[in-house]
**Student:** 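Quick one: the structure is below, questions incoming.
One-based numbering along the sequence shown. In each ligand, atom 1 is the first atom listed, and ligand 1 is the first ligand listed.
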Amino acid sequence: MKNRILFLFTLLLPLGAMAQDAAPAKTFWDDPINHPMTPFYALMVLVGVVTVLVFVVAIMLLQVLNTFVEKAAQEKAAALGIAYVKEPSWWTKLDRKLTNAVPMEKEATVMLDHNYDGIRELDNHLPPWWKWLFYGTIVWGVIYFVVYHVTDNAPLQEQEYENEVAMADAQLKKLRAAQPVASIDEEALAYTNDAALISKGQAIYKSNCASCHKDNGEGGIGPNLTDEYWLHGGSIKNIYATVKNGVPDKGMISWSAILKPEEMRDVSFFIMSIRGTNPANPKAPQGTVWKDTEVKTESVKVDSVQAQAGM
Ligand code: HEC
């Protein structure tokens with residue numbers, strides 16, 4: 001029986017390993033029902049349940065057997081005409097062995113001879129379980145001392161901490177290398193109505209800005225972004241700077257901590273793209289009329305921006 005189960009396991013193990021190789025990205029808890037290891041785990045649970053059941057049945061059988069043995073001993077004692085003394089259970093024997101307690105009837109043998117107003121003291125043995133635990137700590141202490149302080153085979157707390165920090169640093173480095181933060185050349189920033197970038201910017205606007213500037217840029221808590229009036233300038237560089245630095249005193253936060261440089265650029269492109277769209281329910285103009293001149297000079301630089309957009 002044991003051998004057969006072992007054989008089954010050796011058959012299943014490589015299967016499990018193969019399945020794991022095929023889908024390394026998904027962990028078991030992402031989708032337990034369709035996970036390739038599920039049949040294997042289910043089988044292991046089944047084997048566990050069966051093992052427990054076998055144990056329970058075995059214990060019950062033993063108990064039944066015990067009653068028969070006891071009965072036979074009783075009959076034998078009766079036949080011999082002597083009193084039947086029940087054999088103590090293994091648990092009682094173990095308990096006696098572990099505690100080494102002096103039975104109540106024999107307490108007089110360990111009674112000390114002093115007497116405090118009728119209160120007397122027994123000189124009981126130390127319980128063996130406690131003594132062995134104590135000896136165990138001594139042995140453990142010697143092993144610990146040798147491993148950690150003599151041979152330096154295992155790292156102490158401080159070393160452990162440093163190892164973990166080094167590991168985390170390495171992971172961070174790997175992560176940073178995998179997703180370099182694209183930087184924007186703010187000096188050369190110019191508007192181009194690149195549909196791909198603008199639609200990216202629109203998505204960013206919808207989730208971050210529309211709550212204050214409204215869906216179509218008509219303005220709400222924040223100013224109207226579609227009219228020709230601007231508080232902080234209406235050129236692409238002005239808008240990018242406002243988004244990046246914010247106007248914290250007036251309720252417009254700095255987005256540089258939340259958005260990546262190219263995301264701030266894309267959302268700025270989107271704002272440029274909605275100028276003059278005259279959405280419904282516009283907020284009253286704020287600031288001064290922005291002259292188009294700078295936008296025109298920037299449109300000359302379209303080439304350099306496209307080069308940037310391609311990175
Ligand atoms: C919590 C509200 C709020 C959110 C969210 C918000 N803004 Fe603003 N925004 C404001 C306010 C208020 C002002 C006006 C600041 C002032 O009075 O100087 C402003 C001003 C601006 C201006 C300058 C307008 C001008 O007239 O010069 C731009 C550009 C702008 N926001 C873009 C954005 C972008 C892009 C986002 C999303 C990434 C965004 N805002 C998110 C509240 C907000």
Side-chain angles (χ1 to χ4, degrees), residues 172-311:
L172 193 69
K173 242 187 195 165
K174 232 166 128 184
L175 206 77
R176 290 232 171 102
Q179 36 183 218
V181 180
S183 62
I184 296 286
D185 183 359
E186 288 171 33
E187 289 307 310
L189 189 61
Y191 174 57
T192 168
N193 57 354
D194 180 322
L197 295 187
I198 288 172
S199 83
K200 269 191 206 163
Q202 186 172 21
I204 296 162
Y205 180 89
K206 276 241 164 77
S207 47
N208 295 293
C209 325
S211 52
C212 289
H213 294 281
K214 291 292 157 77
D215 283 346
N216 300 311
E218 65 266 33
I221 295 167
N224 185 336
L225 298 174
T226 63
D227 62 9
E228 51 183 350
Y229 291 85
W230 291 87
L231 289 162
H232 304 286
S235 79
I236 180 64
K237 280 183 198 165
N238 295 146
I239 292 175
Y240 183 88
T242 311
V243 174
K244 184 182 168 197
N245 305 319
V247 193
D249 296 346
K250 301 284 172 62
M252 165 80 179
I253 62 159
S254 152
W255 289 90
S256 56
I258 298 165
L259 299 175
K260 291 185 198 138
E262 76 260 27
E263 287 174 331
M264 293 193 288
R265 176 199 60 199
D266 296 349
V267 78
S268 301
F269 279 10
F270 171 69
I271 290 170
M272 293 293 284
S273 78
I274 56 173
R275 185 166 304 174
T277 49
N278 289 319
N281 308 317
K283 195 179 179 190
Q286 287 167 278
T288 52
V289 173
W290 177 258
K291 297 273 178 296
D292 235 8
T293 46
E294 206 182 337
V295 178
K296 266 186 191 138
T297 52
E298 276 172 357
S299 63
V300 184
K301 296 182 198 158
V302 155
D303 279 351
S304 71
V305 175
Q306 271 166 347
Q308 231 182 27
M311 61 175 195

**Student:** Specify the protein heavy atom at minimum distance from atom 2 (C) of ligand 1: its residue, its atom name, and the distance to 0.1 Å.
**Tutor:**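 The answer is Cys212 SG, 1.9 Å.
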
**Student:** Mind checking whether Ile271 contacts ligand 1 via backbone (N, CA, C, O), side chain (CB onward), both or neither, at a 4.0 Å heavy-atom cut-off?
**Tutor:**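 Ile271 to ligand 1: side-chain contact only, backbone stays beyond 4.0 Å.
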
**Student:** Would you confirm whether Tyr205, through its side chain, and His213, through its main-chain N or O, come within 3.5 Å as a donor-acceptor pair?
**Tutor:**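 The answer is yes, because a donor-acceptor pair under 3.5 Å joins these two groups.
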
**Student:** Using the six-membered ring wherever Trp is involved, compare the ring planes of Phe269 and Tyr191 and label them parallel, tilted or perpendicular (cut-offs 30° and 60°).
**Tutor:**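 Geometry flag for Tyr191 against Phe269: perpendicular rings.
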
**Student:** Taking all non-hydrogen atoms of both residues into account, name the closest pair between Asp227 and Arg275 and its distance.
**Tutor:**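 Distance-wise, the nearest heavy atoms are O-CG, 4.4 Å.
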
**Student:** For ligand 1, which atoms sit closer than 4.0 Å to a heavy atom of His232?
**Tutor:**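 Listed by number with element, the hits are 16 (C), 18 (O), 25 (C), 27 (O).
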
**Student:** What do we get for His213 next to ligand 1 when only non-hydrogen atoms under 4.0 Å count, side chain, backbone, both or neither?
**Tutor:**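 It is the side chain that touches ligand 1; the backbone stays farther off.
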
**Student:** What are the atoms of ligand 1, with element, lying closer than 4.0 Å to any heavy atom of Lys250?
**Tutor:**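 Matching atoms, with element in brackets: 12 (C), 15 (C), 16 (C), 17 (O), 18 (O).
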
**Student:** Return the closest protein heavy atom for atom 41 (C) of ligand 1 as residue, atom name and distance.
**Tutor:**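 Going by distance alone, atom 41 (C) of ligand 1 is nearest to Trp255 CZ2, 3.4 Å.
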
**Student:** With rounding to the nearest 0.5 Å, note down the distance linking CD1 in Ile258 to NZ in Lys260.
**Tutor:**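 If we round to the nearest 0.5 Å, Ile258:CD1 and Lys260:NZ are 13.5 Å apart.
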
**Student:** What I want to know is whether Asn208 and ligand 1 share at least one N or O pair that is separated by under 3.5 angstrom.
**Tutor:**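 No, Asn208 has no N/O under 3.5 Å of an N/O on ligand 1.
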
**Student:** Measuring from Thr242:OG1 to Met264:CE, what's the distance to the nearest 0.5 Å?
**Tutor:**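 That separation rounds to 11.5 Å.
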
**Student:** Where is the nearest protein heavy atom to atom 14 (C) of ligand 1: which residue, which atom, and how far?
**Tutor:**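 Looking at atom 14 (C) of ligand 1, the protein heavy atom closest to it is Pro223 CD, 3.4 Å.
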
**Student:** Charged N to carboxylate O under 4.0 angstrom, Glu186 versus Lys244?
**Tutor:**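 Answer for the salt bridge query: yes.
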
**Student:** Above 12 or not: heavy atoms from other molecules or residues under 6.0 Å from NZ of Lys283?
**Tutor:**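 Counting neighbours around NZ of Lys283, more than 12 heavy atoms of other residues, nucleotides or ligands fall under 6.0 Å, so yes.
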
**Student:** Which heavy atom of the protein is the closest neighbour of atom 42 (C) of ligand 1, given with residue, atom name and distance?
**Tutor:**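 Ranking protein heavy atoms by distance from atom 42 (C) of ligand 1, first comes Gly251 O, 3.6 Å.
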
**Student:** In the protein, what heavy atom is nearest to atom 37 (C) of ligand 1, and what distance, to one decimal place, separates them?
**Tutor:**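 Ranking protein heavy atoms by distance from atom 37 (C) of ligand 1, first comes Cys209 SG, 1.8 Å.
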
**Student:** Identify the closest protein heavy atom to atom 29 (C) of ligand 1: which residue and atom is it, and at what distance?
**Tutor:**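 Answer, as residue, atom name and distance: Ile239 CG2, 3.8 Å.
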
**Student:** Is there a side-chain contact between Asn238 and Trp230 (heavy atoms, below 4.5 Å)?
**Tutor:**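 Counting from C-beta outward, Asn238 and Trp230 never come under 4.5 Å.
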
**Student:** Tell me: protein heavy atom nearest atom 32 (C) of ligand 1, and distance?
**Tutor:**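 Residue, atom and distance for the closest contact: Met252 CE, 3.4 Å.
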
**Student:** Give the atoms of ligand 1, by number and element, whose distance to some non-hydrogen atom of Ile221 is under 4.0 Å.
**Tutor:**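 Counting atoms of ligand 1 from 1, those under 4.0 Å from Ile221 are 12 (C).
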
**Student:** Quick check: closest heavy atoms across Val243 and Met252, and the distance to 0.1 Å?
**Tutor:**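 The pair with the smallest heavy-atom distance is CA-CE, 4.0 Å.
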
**Student:** If you measure every N or O of Leu231 against every N or O of ligand 1, does any of those distances drop under 3.5 Å?
**Tutor:**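 Yes, since at least one N or O of Leu231 sits under 3.5 Å from an N or O of ligand 1.
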
**Student:** Side chain or backbone of Leu225 under 4.0 Å from ligand 1, or both, or neither, by non-hydrogen atoms?
**Tutor:**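 Side chain only.
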
**Student:** Does Thr242 put an N, O or S atom under 2.8 Å from atom 8 (Fe) of ligand 1?
**Tutor:**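 Given the 2.8 Å cut-off, Thr242 does not count as a ligand of atom 8 (Fe) of ligand 1.
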
**Student:** Closest heavy-atom contact between Lys237 and Leu189?
**Tutor:**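 Heavy-atom minimum between the residues: CE-O, 3.6 Å.
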
